[in-house]
Amino acid sequence: MTRILIIGATGSLGSRVAARAVAAGHTVFGTHVNRRDHDGSDDRTISWARLDIRDRHAVRHAVELVRPDVVVHAAAGRDRNDWTVNADGAANVALACGDRVRLVTVSSDAIFSGRAGREYTESDEPDPVYRYGASKAAAETAVRAIAPGAAIVRTSLILAEGKGGHEQLTYDLLAGRLDGALFTDEIRKPVHVDDLADALLELAAGDFHGVINVAGSDAVSRYELGVLVAKRDGLDPARLRTANSSGRPGDVRLDVRMAGELLRTRLRGAHEFMAAPL
C-alpha cells in the first residue's frame, strides 16, 4: 500500500486519479482550493486538506505533514493563464518533493507552437506561442531543475465523460451560451481521463524520470472533436461553426511511442472512446 498525495484532487483529472488510487488500495490524501468545487465522492476514503500551491511554505508543510511515498501534481488554475499557479505552483511542489519524494507532474502539448509539421517527441524543446503554453514550459523547466527524478507527463485535451473542458465548450456553443467556433487547424491527440489517470498511477509506482508523452492515438482537430462529442451525446453537430485559430498552437500532435513501450495502460484514440455513450 502506497501513501499518495494528489494535488488538485477535486479537478476532473485529479478526482479520477484519486478514485482509482483508492480502488487500488492506496492511502490517498487530496488537496483542494475550495471544497464547494468537490462533488463529495470518496470523502470517507480520502483525507482532505485545503492548499494554495502558490504558497511555497504551505506546500512544503503539506508534504512534510502527509509524508507521502509519491506526489501526483494534477492541479490547474481556474484561469489557464495564471502563471503563479501553473509555473510557480509546479516549482513549489517540486521544491517540497526534492529528491526525497517521488513526483509525477502533468504538463501539456500547449508548450509547442505546432510549426514542426510532425509529431513532437519527448526530446523536442518547447517553443510556446501563448501564455498558457509558456507557463507550462516554465513549469517543466523548474521541475527538471529542482526534482530531476520526477516524471513529467505531457498530455493533450482530456475527455472526461462530459466534464472535460472541450466537452463543456462544445455544450456551451451548441446551447448558445457562448458565441464562437471550433478550430479546424488546431490538431491534437485527445486522451480519455481514465487512461491518463491509470498512466499517472503506473508512473507513480515506477522509477521512470524525465519527460514522457501520454496522449491518445488519434489526431483530430478541435472541430472534429466537437463533432464527436455532439454525436456521442445525441446533439446536432451541424450547429457547430468552424474557424481558423490565430495566435494559438497549430499541429501539436504528441508522439506516444515511448508510452506504448513503457506502460501497460492502453491509450485509446478519440474515435474509440467517444463511440461509447455516456
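Values reported hereafter were calculated over all heavy atoms of this structure, with side chains retained and with hydrogens, waters and symmetry mates removed.
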Side chain to side chain contact (heavy atoms under 4.5 Å, CB included) assessment of I212 paired with L262: CA-CA 10 Å; I212 183 169; L262 181 68; 3.7 Å; yes

Full working for side chain to side chain donor-acceptor pair (under 3.5 Å) between D255 and T121: CA-CA 5 Å; D255 183 326; T121 70; over 6 Å; no

Test: D194 and R20 ion pair at under 4.0 Å: yes

Flag side-chain contact, heavy atom, 4.5 Å: V129 against R115: yes

Straight-line distance of H61 NE2 to D55 CG, nearest 0.5 Å: 10.5 Å

F183 six-ring face occupied by R222 cation (under 6.0 Å, within 45°): no

Lys/Arg N to Asp/Glu carboxylate O, E119 vs K189, below 4.0 Å: yes

Side-chain touch V17/L201, heavy atoms, less than 4.5 angstrom: yes

Side-chain heavy-atom pair S15, T10 within 4.5 angstrom cut-off: no

Full working for salt bridge (Lys or Arg N to Asp or Glu O under 4.0 Å) between R188 and E186: CA-CA 7 Å; R188 306 178 78 171; E186 186 175 319; 3.3 Å; yes

Side-chain heavy-atom pair V101, V63 within 4.5 angstrom cut-off: yes

Over 12 non-hydrogen atoms of neighbours within 6.0 angstrom of CG in D236: yes

Gap between atom CG of L174 and atom CG of L240 - 0.5 Å precision: 4.5 Å

Under 3.5 Å: donor-acceptor pair, side chain of T2, backbone of I4: no

Main-chain N/O of V66 paired to R3 side chain as donor or acceptor, under 3.5 Å: yes

Closest contact, heavy atoms only, L182 versus G226: CD1-CA, 3.8 Å

Neighbour count above 12 (heavy atom, 6.0 Å) for R118 CZ: yes

Within 6.0 Å of CZ in R248, more than 12 heavy atoms from elsewhere: yes

E167/R232 ion pair, N-O < 4.0 Å: yes

Atom of F273, atom of H192 and distance for their closest heavy-atom approach: CE2-N, 3.5 Å

Evaluation steps, salt bridge (Lys or Arg N to Asp or Glu O under 4.0 Å), between E64 and R100: CA-CA 11 Å; E64 291 175 348; R100 303 175 304 279; over 6 Å; no

Interatomic distance, L254 atom CG to T155 atom OG1 [nearest 0.5 angstrom]: 7.0 Å

Closest contact, heavy atoms only, A134 versus P128: N-CB, 3.4 Å

Exercise: identify the closest heavy-atom pair between S107 and I152: CB-CG2, 4.0 Å

Side chain to side chain contact (heavy atoms under 4.5 Å, CB included) partner of L225, chosen from I187, T170, L159: L159

Over all atoms of both residues, closest heavy-atom pair of D185 and S245: OD1-N, 2.9 Å

Side-chain heavy-atom pair V70, L103 within 4.5 angstrom cut-off: no

For the student: nearest non-hydrogen atoms of D251 and R253, plus distance: OD1-NE, 2.7 Å

Side-chain donor/acceptor of E202 to backbone N/O of T265, under 3.5 Å: yes

pair E140-R154: side-chain heavy atoms closer than 4.5 Å: yes

Straight-line distance of R60 CZ to L65 CG, nearest 0.5 Å: 14.5 Å

Whether R102 side chain and L203 backbone form a donor-acceptor pair below 3.5 Å: yes

Under 3.5 Å donor-acceptor, D218 side chain and A270 backbone: yes

Worked verdict on M258 versus F208 for side chain to side chain contact (heavy atoms under 4.5 Å, CB included): CA-CA 11 Å; M258 180 187 291; F208 174 86; 3.9 Å; yes

Full working for side chain to side chain contact (heavy atoms under 4.5 Å, CB included) between L196 and L13: CA-CA 8 Å; L196 180 56; L13 173 59; 3.8 Å; yes

Matching residue for S135 among N86, D82, N81, T84 - test: side-chain hydrogen bond (donor to acceptor under 3.5 Å, both in side chains): N86

Aromatic ring pairing F112/Y120, orientation class (parallel under 30°, perpendicular over 60°, tilted between): parallel

I53 backbone acceptor or donor facing N92 side chain under 3.5 Å: yes

Non-hydrogen side-chain atoms of R177 and Q168 separated by less than 4.5 Å: no

Worked verdict on I46 versus F29 for side chain to side chain contact (heavy atoms under 4.5 Å, CB included): CA-CA 5 Å; I46 298 175; F29 302 82; 5.7 Å; no

Spacing of H32 atom NE2 and I7 atom CD1 [to the nearest 0.5 Å]: 13.0 Å

Residues R266, D195: salt bridge by 4.0 Å N-O rule: no

From CG (L5) to CZ (R67), nearest 0.5 Å: 12.5 Å

Student check: side-chain heavy atoms of V71 and V104 closer than 4.5 Å: no

